[in-house]
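Notes follow once the structure below has been shown.
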Amino acid sequence: MKKQPYSGPILVVAGTRPEVIKLAPVYLEARNRLGGARVCWVSTGQHEELERETLARFAIKPDHCLNAGAGGALLNLNEKVVRGITALCEAIDPALAIVQGDTVSAFAGAFAAFHQHLPVAHVEAGLRSGDNRDPFPEEAYRRMIDDMASLRFAPTPGAAANLVAEGCREDTIFVTGNTAIDALALVDKLAAPCAPANVPVIPNGQRLVFVTLHRRESWGTKLDGMCRALRDIVERFDDIHVVLPLHVNPRVRETVEPILRDQPRITLTEPLDYAACHSLIRTAHLILTDSGGIQEEAPSYHVPVLVLRDVTERPEAVRDGLAVLVGTDRQDVYSIASRWLDDPALRAGMQGIDNPFGDGQAATRIVTALERFLTGKTPLLTNCEQFSR
Ligand code: UDP
C-alpha cells in the first residue's frame with residue numbers, strides 16, 4: 001500500500017442514486033475541510049439518469065465521468081468501472097478511494113483502487129444479511145469490499161460487530177452513523193424547493209401510504225403477490241392513497257403496472273426527485289418498502305416502515321420497534337399492513353424513539369478520520385467521537 005503521508009486527490013466513486021445521496025455529505029464536508037482541489041467526484045454512470053438528477057440536487061459536478069452505464073450486464077459494468085478507475089489512478093495518482101455500500105460501482109471502484117495499492121475507505125461497512133446469495137450480488141460485494149478496505153466506516157455498533165466477528169482489525173473500524181441521515185438535513189438546506197408538479201397531491205382526508213419496490217430478488221412471483229396485496233389493502237381502506245414511484249427497471253414495471261395502474265387511489269409515478277421523495281416520506285402514514293435507504297430515513301420522521309423483504313441487513317429499526325420485517329408473502333403483507341392501518345396505538349407507540357441509524361454527524365466523523373489517516377495521526381477516532389446509539 002502507498003506510504004504516509006498521503007498526497008494526491010481523494011477519489012469519491014459513485015454510480016447509483018443511493019450512493020450519490022450517501023456520499024454527497026462526505027464529499028461536501030471533505031471539500032470544505034481539505035480544499036476543493038483535494039477531493040474528486042468520480043461518476044461511474046451506473047444509473048445514468050438518476051445519478052445525474054441526484055447529483056444536481058446536491059449541486060455536485062463530477063470531476064471525472066466513466067460513462068460505464070449503458071450495456072446492462074453486471075459483469076460488463078464491472079469491467080468498465082475497473083478499467084476506468086485504473087486509467088484514472090494512472091493519470092492522477094490519487095491518495096485514497098472512497099466507496100459506499102454494495103453496488104457494482106462500489107465493488108469495482110474498490111477492486112481497482114486496491115490493485116493500485118491505494119487505501120480504500122468503505123462507507124456503510126459491515127452490513128450483512130448472512131447469506132452470500134441474498135441479496136445478490138450485494139452481500140458478496142460488501143463483504144469483499146470490507147476485505148479490501150483499510151478504513152471501515154460502520155453505520156451502527158451492530159455493523160461494526162459484524163466486522164469484528166469476521167476478523168477485521170478493530171483499529172480499522174469506526175462507528176459513524178449512516179450518512180443517509182446527514183443527507184436529509186443537507187437536502188433541506190441545499191435544495192431548491194420542489195415544484196408542486198413533482199410531488200403527487202394527496203386528496204384531503206386521505207392517509208398517504210408510500211411504497212417502493214425494486215429488489216432483484218423479488219422480481220416475478222413475489223413482486224406480483226406484493227402488488228396484489230397492495231390492491232387488496234386499498235380496496236379494504238377507503239381513506240388511504242398509495243403513491244408508488246416506479247423503478248426504472250422494465251422487469252419491475254412489467255409486473256407492477258398491469259396490477260396497480262387502474263386503481264384511482266394508487267398513483268404510480270416516475271422516480272421522484274430526492275427532495276420530492278422526502279416530502280412524501282415525511283408526511284406518510286405508513287411506508288411499505290424494500291429500499292435500504294428508506295428503512296434508514298423514515299425513522300427520522302417517526303413514520304413506520306413495513307419491510308417487504310425476507311431478510312434485512314438493517315435490523316436496528318426492527319429491534320427498536322420502528323419497522324417490521326414483513327417478508328414478501330401476499331397474505332402477510334395484507335394482514336400486517338391492515339393491522340398498522342387499523343390500530344393508531346401502534347404508530348403512537350413509536351413516537352419519540354431516536355433514529356438508530358444516525359444523528360446527522362456521520363460525514364463529520366468520516367472526514368475527521370480521513371484527515372488524521374492522511375496525515376498519520378492516531379487514533380483516527382476516539383471512542384467518544386464515535387456514534388453510539
Ligand atoms: N428515493 C428517491 N426517489 C424515489 C425513490 C427513492 O429519491 O423515487 C431515494 C430514497 O429516499 C433513498 C434512496 O433513494 O434515499 C433509496 O434508493 P433505492 O431504494 O433505489 O436503493 P437502496 O436504498 O435500496 O439501495
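Below, each value reflects all heavy atoms present in this structure, side chains not excepted, and no hydrogens, waters or symmetry copies. Both ligands and their constituent atoms are indexed starting at 1 by order of listing. When a residue number appears, it is its place in the shown sequence, counting from 1. In this text the structure is predicted, and so the values were computed from the model without any measurement.
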Do Ser43 and Glu51 have side-chain N/O donor and acceptor atoms under 3.5 Å apart?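 Looking only at side-chain atoms, Glu51 and Ser43 do form a donor-acceptor pair, the distance falling under 3.5 Å.
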Checking Tyr141 against Asn78: is there a side-chain donor and acceptor pair closer than 3.5 Å?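 Yes, side-chain donor-acceptor contact under 3.5 Å.
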Distance filter under 4.0 Å to [X] heavy atoms, resulting ligand 1 atoms:
| X | answer |
| --- | --- |
| Pro271 | 8 (O) |
| Pro18 | 17 (O), 21 (O), 25 (O) |
| Pro245 | 8 (O) |
| His278 | 11 (O) |
| Arg215 | 24 (O) |

Which residue supplies the protein heavy atom nearest to [atom], what is that atom called, and how far is it?
| atom | answer |
| --- | --- |
| atom 4 (C) of ligand 1 | Arg17 NH1, 3.2 Å |
| atom 11 (O) of ligand 1 | Glu297 OE1, 2.8 Å |
| atom 24 (O) of ligand 1 | Gly292 N, 2.9 Å |
| atom 13 (C) of ligand 1 | Ile21 CD1, 3.8 Å |
| atom 23 (O) of ligand 1 | Gly293 N, 2.7 Å |
| atom 8 (O) of ligand 1 | Leu272 N, 2.8 Å |
| atom 7 (O) of ligand 1 | Tyr274 CA, 3.3 Å |

Measure the spacing between [atom1] of [X] and [atom2] of [Y] and express it to the nearest 0.5 Å.
| X | Y | atom1 | atom2 | value |
| --- | --- | --- | --- | --- |
| Asp332 | Tyr334 | CG | OH | 13.0 Å |
| Asp224 | Thr255 | CG | OG1 | 6.5 Å |
| Asn162 | Arg143 | CG | CZ | 8.5 Å |
| Phe107 | Asp102 | CZ | CG | 12.0 Å |
| His302 | Asn355 | NE2 | CG | 8.0 Å |

Going by the closest heavy atom to atom 2 (C) of ligand 1, which one wins out of Ser291, Cys277, Ala180?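 Answer by nearest heavy atom: Cys277.
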Measuring centre to centre across the rings, with the benzene-like ring taken for any Trp, is Phe58 within less than 6.0 Å of Tyr274?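 They qualify: ring centres under 6.0 Å apart.
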I need the single residue from Leu96, Leu374, Thr375 that forms a side-chain contact (heavy atoms from CB on, under 4.5 Å) with Tyr6. Which is it?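 For Tyr6, the side-chain contact (heavy atoms from CB on, under 4.5 Å) test succeeds with only one of Leu96, Leu374, Thr375, which is Leu374.
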